[in-house]
Engineer: 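Let me give you the structure first, and then I'll get to my questions.
What you see below is based on every heavy atom in this structure, not just the backbone, and it leaves out hydrogens, waters and symmetry mates. Counting starts at 1 for both ligands and their atoms, following the listed order.
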Amino acid sequence: MQSFIPNKAQAEKIANEFGTPVFVTDANILRRQGKRMLDAFDWSNTKILYAIKANFNPAIVKVLKEAGIHGIDTVSANEVRLALELGFAPENIVFTGAMPSDADMRSVTEQGVIVNAGSLSEIERFGKMFRGKAIAIRINPGVGDALFASNVTGGEKSSFGIIHSNFAAAKDLLKKYDLRLAGIHSHIGSGFYTPEIFIESVKLVLKEAAEFPDLDFVDFGGGFCVPYKPEDKPVDLVEFGRLVKELLTDFSAQNGREIEMRLEPGRFMVAESTALLTKITTRKQSGKYLFIGTDTGMNHLIRPAMYGSYHHIVNITNPEGKKEIASITGNICESADFFAKDREISEPREGDLLAILTSGAYGNVMSANYNLYGMAAEVMVDGEEVGLTRKRQSYEQIMENFVY
Ligand code: LLP
C-alpha cells in the first residue's frame, strides 16, 4: 500500500488545531499520481481529464492541475462551473451527464463544453436545441469491470451509454440534426486492476471511431484502481499505457490520421492521498465482541456501508499497542455504520486517533447531514506546510436552507 498515513506528531497537531473528524491530504501523493498517469500514457496526443466527482476540493484539483493534468471530466453543470472557475479551458472539459436534463445540456453547451450523450434521447434533445453543433457519444461497450458489481457501467444491465443495437439509430439522429460527432467515449466501471476488459472496450471504441473521419477524440474513461488492502497489488499502469499506444498506433496507420486520446481517472488520482482522521469516543466490550466507536461515520465515508469496501485503519496514537480484534463503527444511528468488522488493530483506547486510509476518492464528496452532523473539515499537508482547505460545516450552515 502506498496510501498516506499521517505521522503521530503531525496527526496530533492537526487534531488539536482543526479538530476531528478531518480528512488529511498529502499534496505530494497527488503529484506522484499525476506524474504516474502522465508518464504511463505516453501516446503523443493524450489528454488526462480528472474525474472531478472523485473529489471536488478545489485545493486538490489545483495541485493536480499544476502537476500537468489537462482537463476535467464532469457529470453536472456545477462541476463544469467549478472546472471553468479553476481555469480549465472549455475544450478540455467533457460533460457526461447521468440522465441529464435539457437545462443541464444547454448550460454546459453555452459555456463551450462538449456534451457526451449516453442515450438516443439525449442526442435527440440536444439536436433540437443545437442543430449543427458538435457532440460526443458514450457507447456502452457491452463489457464492464469494477471493484463492486454496483460500479459496473458496461453491459446491457447498465443504465449508462448507448448499446450496440442502438448505434444505427444514434447515427441517424446525428444526421437528422446535422450534428458533428466530435468524440466517442466509453467507461466500463470504477475500480479495475487488470487491462483485459478495458482493452476490449478500447478496441470497440476504435472500431467505431474508424467510421468518423472528422472525429476529434476517443475517450476511454477512467476506472483504474488503487491498492486498498495491504496485500493488493498496484495497477500496472505502464502496461495499460503500452497496450493502448499499440492500438492507437495501428489505428493511425490504418486510418491515416492520429487521433487524440482522452482518459478520465478519478480514484487513481486522489484515493491514496487522503486519510480520514478520527478520534475514538467509546470502547465497548459486548460479550465476546469488541466495538470501537469513533467521532465520524457513514455520513462522512459511506463506502464501507454502501459497498462493503475495505479501508485500512491504523491506530496512530498507539501503534505499538497489543493487537486486538475489533469492529470499528461510526457514530450514526444505523446498524450499517461500520468501517471494519473483526479487524486486527493495535489496542484501541478512548481518545486515540485512528486514520482511515485511502479515503481521498468518493469520501467527503459523498457525505451527508444525516443525524444532523456537519460535513467534516479537510486539511492539506505539503511538506512542512499544513493548511485548512475546507471548514467543518456548522449547525447554522446546515440549517440555513430550512424555512420554518
Ligand atoms: N468517467 C465516468 C463517465 C465515470 O462515471 C466515472 C466514475 C469516472 C470517469 C471515474 O472513475 P474512477 O477513475 O474514479 O474509477 N462511488 C464509487 C465510485 C463511483 C464511480 C462513478 N463514476 C466508489 O466509491 O467506489
Engineer: For Phe126 and Tyr177, run ring pair (Phe, Tyr, Trp, His ring centres under 6.0 Å): C-alpha distance rounded to whole Å, both residues' side-chain angles, the deciding distance at 0.1 Å, then the answer.
Structural biologist: CA-CA 9 Å; Phe126 181 90; Tyr177 293 103; 9.4 Å; no
Engineer: List the steps and the verdict of side chain to side chain contact (heavy atoms under 4.5 Å, CB included) for Thr249 and Trp43.
Structural biologist: CA-CA 9 Å; Thr249 307; Trp43 168 248; 3.7 Å; yes
Engineer: Judged on heavy-atom distance to atom 7 (C) of ligand 1, which of Phe220, Phe224, Tyr362 sits nearest?
Structural biologist: Tyr362
Engineer: Centroid separation under 6.0 Å, is that true for the rings of His312 and Tyr228?
Structural biologist: no
Engineer: With nothing but distance in play, are any N or O atoms of Gly266 less than 3.5 Å from an N or O of ligand 1?
Structural biologist: yes
Engineer: With a cut-off of 4.0 Å, which atoms of ligand 1 are near a heavy atom of Met366?
Structural biologist: 16 (N)
Engineer: Could you tell me whether some N/O pair between Arg303 and ligand 1 is separated by less than 3.5 angstrom?
Structural biologist: yes
Engineer: How close do Thr74 and Glu79 get, counting heavy atoms only, and between which atoms?
Structural biologist: CA-OE1, 3.3 Å
Engineer: Could you walk me through whether Glu258 and Ser44 pass side chain to side chain donor-acceptor pair (under 3.5 Å), step by step?
Structural biologist: CA-CA 9 Å; Glu258 260 212 8; Ser44 54; 3.2 Å; yes
Engineer: For Gly222, take its heavy atoms, then give the atoms of ligand 1 lying under 4.0 Å from any of them.
Structural biologist: 9 (C), 13 (O)
Engineer: Side chain of Thr281, backbone of Glu350: donor and acceptor closer than 3.5 Å?
Structural biologist: no
Engineer: Less than 6.0 angstrom from the centroid, inside 45 degrees of the normal: does Lys233 satisfy that with respect to the ring of Tyr193?
Structural biologist: no
Engineer: Indicate yes or no: does an N/O atom of Arg138 lie under 3.5 Å from an N/O atom of ligand 1?
Structural biologist: no
Engineer: So for Ala361, does at least one of its heavy atoms come nearer than 4.0 angstrom to any atom of ligand 1?
Structural biologist: no
Engineer: Which atoms from ligand 1 have a heavy atom of Asp73 less than 4.0 Å away?
Structural biologist: 1 (N), 2 (C), 9 (C)
Engineer: Determine whether the aromatic ring centres of Phe240 and Phe268 lie less than 6.0 Å apart.
Structural biologist: no
Engineer: Need the ligand 1 atom indices (1-based, order shown) with element for anything under 4.0 Å from a heavy-atom of Ala51.
Structural biologist: 8 (C), 9 (C), 10 (C)
Engineer: List the steps, then state whether side chain to side chain donor-acceptor pair (under 3.5 Å) holds for Asp295 with Thr278.
Structural biologist: CA-CA 6 Å; Asp295 65 0; Thr278 178; 2.5 Å; yes
Engineer: Which heavy atom of the protein is the closest neighbour of atom 22 (N) of ligand 1, given with residue, atom name and distance?
Structural biologist: Lys53 CD, 3.6 Å
Engineer: Determine the minimum heavy-atom distance between His300 and Thr296, stating which atoms define it.
Structural biologist: ND1-OG1, 2.8 Å
Engineer: So is there a nitrogen or oxygen of Pro265 less than 3.5 Å from a nitrogen or oxygen in ligand 1?
Structural biologist: no
Engineer: Going by the atom numbers of ligand 1, which of them fall below 4.0 Å from some non-hydrogen atom of Asn151?
Structural biologist: 17 (C), 18 (C), 23 (C), 25 (O)
Engineer: Just to confirm my output: which protein heavy-atom neighbour is closest to atom 1 (N) of ligand 1, and how far is it?
Structural biologist: Glu264 OE1, 2.7 Å
Engineer: Starting from atom 15 (O) of ligand 1, find the nearest protein heavy-atom neighbour and note its residue, name and distance.
Structural biologist: Ser190 OG, 2.4 Å
Engineer: Starting from atom 8 (C) of ligand 1, what is the nearest protein heavy atom, named by residue and atom, and what distance separates them?
Structural biologist: His187 CE1, 3.4 Å
Engineer: Look at atom 16 (N) of ligand 1 and say which protein heavy atom is nearest, naming residue and atom and giving the distance to 0.1 Å.
Structural biologist: Tyr307 OH, 2.7 Å
Engineer: Would Glu347 and Asn315 count as a side chain to side chain contact (heavy atoms under 4.5 Å, CB included) here? Give the steps.
Structural biologist: CA-CA 8 Å; Glu347 187 190 359; Asn315 187 341; 5.7 Å; no
Engineer: Within ligand 1, which atoms have a heavy atom of Gly223 less than 4.0 Å away?
Structural biologist: 11 (O), 12 (P), 13 (O), 15 (O)
